[in-house]
Amino acid sequence: MSTAATMARLVRAGFDAVGSRIPVETDGDSLAVRDLLVEFDGSITCHSASDGAPRQVFSMPLDAVESAACAVVVRIMSGVVARAVEREHRKGTP
């Protein structure tokens, strides 16, 4: 199994653990989750395109696939939680 396929499986397991069904797309040696693009070319490099221009979020050795998968899940889920808190706060703000 390729590193990209392994990481996709681990990211899906992470999302499943918190009851989320966020899609994980794979394309050869890369994977995409929302605004994150993860590439596997000598290392695991994650870029975010949330602000328009891609910027590097992290880079890890190829053997750190578990840590990289955790980092992707935590980054995505922290955004989900932040938006939920902001929505709730706006409901209670006059």
Side-chain angles (χ1 to χ4, degrees):
M1 182 179 289
S2 73
T3 305
T6 299
M7 184 155 163
R9 182 176 54 80
L10 296 174
V11 169
R12 285 184 190 108
F15 287 148
D16 286 346
V18 295
S20 180
R21 298 284 182 232
I22 294 171
V24 179
E25 311 274 334
T26 57
D27 182 21
D29 285 338
S30 66
L31 94 104
V33 183
R34 291 208 173 168
D35 69 323
L36 299 181
L37 174 64
V38 183
E39 298 175 307
F40 306 86
D41 187 20
S43 64
I44 303 170
T45 307
C46 179
H47 298 276
S48 172
S50 64
D51 302 330
R55 62 178 170 66
Q56 184 172 317
V57 176
F58 66 78
S59 182
M60 297 183 187
L62 282 174
D63 63 351
V65 69
E66 291 177 24
S67 295
C70 287
V72 166
V73 171
V74 167
R75 183 170 181 92
I76 295 296
M77 294 313 300
S78 66
V80 170
V81 169
R83 285 187 297 279
V85 168
E86 290 165 359
R87 270 192 312 273
E88 185 62 29
H89 178 70
R90 281 192 301 271
K91 283 197 262 180
T93 303

Query raised in the report: Given Arg12, which of Ile22, Val24, Val33, Val73 fulfils the side chain to side chain contact (heavy atoms under 4.5 Å, CB included) condition?
Result: Val24
Query raised in the report: If you round to the nearest 0.5 Å, how far is NE2 of His47 from OG of Ser59?
Result: 8.0 Å
Query raised in the report: Under a 4.0 Å N-O cut-off, is there an ion pair linking Glu86 with Arg83?
Result: no
Distance-only check: which donor-acceptor pairs under 3.5 Å involve side-chain atoms of residues 37-46, not counting sequence neighbours?
from: Ser43; atom 1: OG; to: Thr45; atom 2: OG1; distance (Å): 3.3

**Report entry** Any Asp35 side-chain heavy atom under 4.5 Å of Ile76 side chain
**Finding:** yes
Query raised in the report: Applying the 4.5 Å side-chain criterion to the ILVMFWY set and letting contacts propagate, would Leu10 and Leu62 be lumped into a single cluster?
Result: yes
**Report entry** With sequence neighbours excluded, residues passing salt bridge (Lys or Arg N to Asp or Glu O under 4.0 Å) with Arg87
**Finding:** none
Report task. Report yes if the side chains of Val80 and Val18 come closer than 4.5 Å at any heavy-atom pair, otherwise no. Result -> no
Report task. Taking side chain to side chain donor-acceptor pair (under 3.5 Å) as the test, write out the residues that go with Asp16, two or more places apart. Result -> Arg21
Query raised in the report: Looking only at heavy atoms, which two atoms of Ala71 and Met60 are closest? And how far apart?
Result: CB-CE, 4.2 Å
Requested in this report: Please name the pair of heavy atoms, one in Ala4 and one in Leu31, separated by the smallest distance, quoted to 0.1 Å.
Outcome: O-CD2, 4.2 Å
